[in-house]
There are 2 protein chains.
Amino acid sequence: MKSEKVTDEARRRSYHDACGTAHGLELAGDRWALLVMRELMLGPRRFGDLRASLPGLSANVLTQRLAELEAAGILRRRRLPAPAGAQVYELTEWGYEGETVIQELGRWAARSPGHDPTLPLSPVSLMLSMRTMLDREAAAGLTLAIGFRHGDSLFLARLARSALPIARVDDLDGADAVFVADQPPAVAALLYGGVPAEVLEGQGALRIEGDREAALRYASLFRLPPKAGG
Amino acid sequence: MKSEKVTDEARRRSYHDACGTAHGLELAGDRWALLVMRELMLGPRRFGDLRASLPGLSANVLTQRLAELEAAGILRRRRLPAPAGAQVYELTEWGYEGETVIQELGRWAARSPGHDPTLPLSPVSLMLSMRTMLDREAAAGLTLAIGFRHGDSLFLARLARSALPIARVDDLDGADAVFVADQPPAVAALLYGGVPAEVLEGQGALRIEGDREAALRYASLFRLPPKAGG
DNA sequence: CGGCATCCGGGAAGATACTG
DNA sequence: CAGTATCTTCCCGGATGCCG
């Protein structure tokens with residue numbers, strides 16, 4: 001019967017499992033879905049922004065993921081006020097709360113022996129990693145405003161009381177210091193790879209503006225978790 | 001050229017992304033992979049156990065997932081000592097640490113408007129949910145040993161100092177009280193659905209042995225997070 | 001250019017049957 | 001019981017084209 005077929009089709013992707021984890025996989029377990037959420041974690045983005053940050057994700061799949069995430073109530077599409085008029089995709093409040101999932105998965109996977117931290121990295125991905133990998137003990141008592149410029153993307157990280165809110169901004173006027181790097185992996189090499197700032201600056205991969213001491217102090221606050229098994 | 005093709009094929013499943021989250025998806029982002037890990041969280045299981053706990057997962061896919069998780073260092077296969085001689089799958093130490101990922105995903109997804117808590121639930125899934133949904137404030141100062149019997153599966157939950165270690169056991173001798181339910185959803189209805197124990201007992205879905213007051217006290221310590229948006 | 005539909009090839013998932 | 005072999009179905013990913 002056709003009607004039974006429809007039921008089967010509707011069930012096809014379901015795990016038929018009351019477990020919240022299983023439901024989470026139905027919501028965001030499709031390929032690329034969680035990475036689309038990641039790219040939206042620091043504010044609304046346009047279709048093309050998302051494509052640029054996720055090379056390998058084709059337009060049709062992105063369209064499909066956006067529709068599924070919207071249907072699930074994780075994001076909404078919004079039209080910017082004139083004159084921009086462009087359409088952007090924005091997480092709902094609940095969608096933003098998915099950051100803990102992204103963080104825990106990232107923290108756990110960073111311990112994998114197979115993790116290769118030298119691959120390309122999107123600006124948002126780098127900024128989010130700081131919130132995950134901040135050594136909150138080492139940061140206790142420190143108050144710093146650090147800016148980041150990756151091409152056109154500007155971010156401001158405001159460290160205070162061991163919390164590290166990060167926002168996309170239009171200018172970096174309030175920053176104590178600013179890291180300028182066309183390629184986010186350069187900053188990652190400094191924060192996580194132990195590569196000295198001087199080396200990166202010598203390669204032209206990184207520039208530090210403003211209070212250099214504050215910048216280096218900030219850079220010392222991050223640490224990757226130890227590798228598993230090895 | 002063929003050799004370039006091979007490279008492309010090797011890359012097919014990779015996200016080419018240094019982000020830990022992306023690597024996590026390569027490790028455990030395939031369909032069913034995280035649920036296989038979930039079923040192993042409370043100790044080694046056999047191939048058939050896993051199949052029984054994950055209806056809808058076919059044998060060939062399970063074989064493939066087990067091989068991939070083993071290659072990633074998340075689990076190992078081990079042969080039980082004679083006379084059992086059976087082969088079991090067991091998480092590595094790092095694999096067990098993936099529980100935080102499962103918890104965060106479950107906690108977040110439980111807030112989805114689309115979550116249906118009346119679906120079937122595996123015994124392990126129910127037991128793990130208690131660790132996620134325990135109201136640690138309400139549990140402060142309480143010390144309880146509560147047993148669970150679902151068919152042949154016996155578990156002992158030892159609440160103490162707001163921690164809730166749970167282990168698969170061979171007998172429930174040390175328990176203050178024991179919940180007996182052939183279908184785990186019956187216990188879920190009590191803990192999360194607000195269904196009174198008397199109703200479930202009247203339906204024959206649940207039996208409480210031992211210290212009834214301790215059992216009901218325990219059952220009052222769990223709460224689902226509020227639904228998002230609504 | 002942004003967004004989305006359509007077609008195609010390859011490969012993964014799912015169901016069934018079979019083997020040690 | 002623990003997988004393997006086979007076949008079908010459908011998703012992913014790339015290319016093309018349409019439309020505002």
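First the proteins, then the strands, lettered A, B, ... as listed; each starts at 1.
Between the CZ atom of A:Arg77 and the P atom of C:dG2 there is a distance of 15 Å, given to the nearest Å. A:Glu68 has its CD atom 16 Å from the P atom of D:dC10, to the nearest Å. One can place CD of B:Glu70 at 11 Å from P of D:dG3, the figure rounded to the nearest angstrom. Rounded to an integer number of Å, the gap from CG of B:Asp30 to P of C:dG11 is 15 Å. A:Trp32 has its CH2 atom 15 Å from the C1' atom of D:dC11, to the nearest Å. Distance, A:Leu35 CG to D:dG13 C1': 15 Å, rounded to whole Å.
Side-chain contact of A:Arg45 with A:Ser53: a donor-acceptor pair under 3.5 Å is present, judged by distance alone.
In this model, the phosphate group of D:dC11 is not approached by any side-chain N or O of A:Gln64 to a distance below 4.0 Å at OP1 or OP2. Not one side-chain nitrogen or oxygen of B:Tyr15 sits closer than 4.0 Å to the OP1 or OP2 atom of D:dC12.
Listed nucleotides D:dC12, D:dT4, C:dC4 differ in distance to B:Thr63; the shortest reach to its side chain belongs to D:dT4.
Using a 4.0 Å cut-off on heavy atoms, the residues of residues 40-62 of chain B that approach DNA chain C are B:Gly56, B:Ser58, B:Asn60, B:Val61, listed by number.
Ion pairing between a basic and an acidic side chain is recognised when a charged N comes within 4.0 Å of a carboxylate O; A:Arg207 and A:Glu201 show no such pairing. Look at B:Arg77 and B:Glu70 and you find a salt bridge, because one of the NZ, NE, NH1 or NH2 atoms lies within 4.0 Å of a carboxylate O, short of that distance. In summary, B:Arg131 and B:Glu99 engage in a salt bridge, as defined by a charged side-chain N under 4.0 Å from a carboxylate O.
Heavy atoms only, all atoms of each residue included: B:Arg107 and B:Met133 are closest at CA-CE, 4.1 Å.
Taking 4.5 Å as the limit, some side-chain heavy atom of B:Arg38 sits within range of a side-chain heavy atom of A:Asp17.
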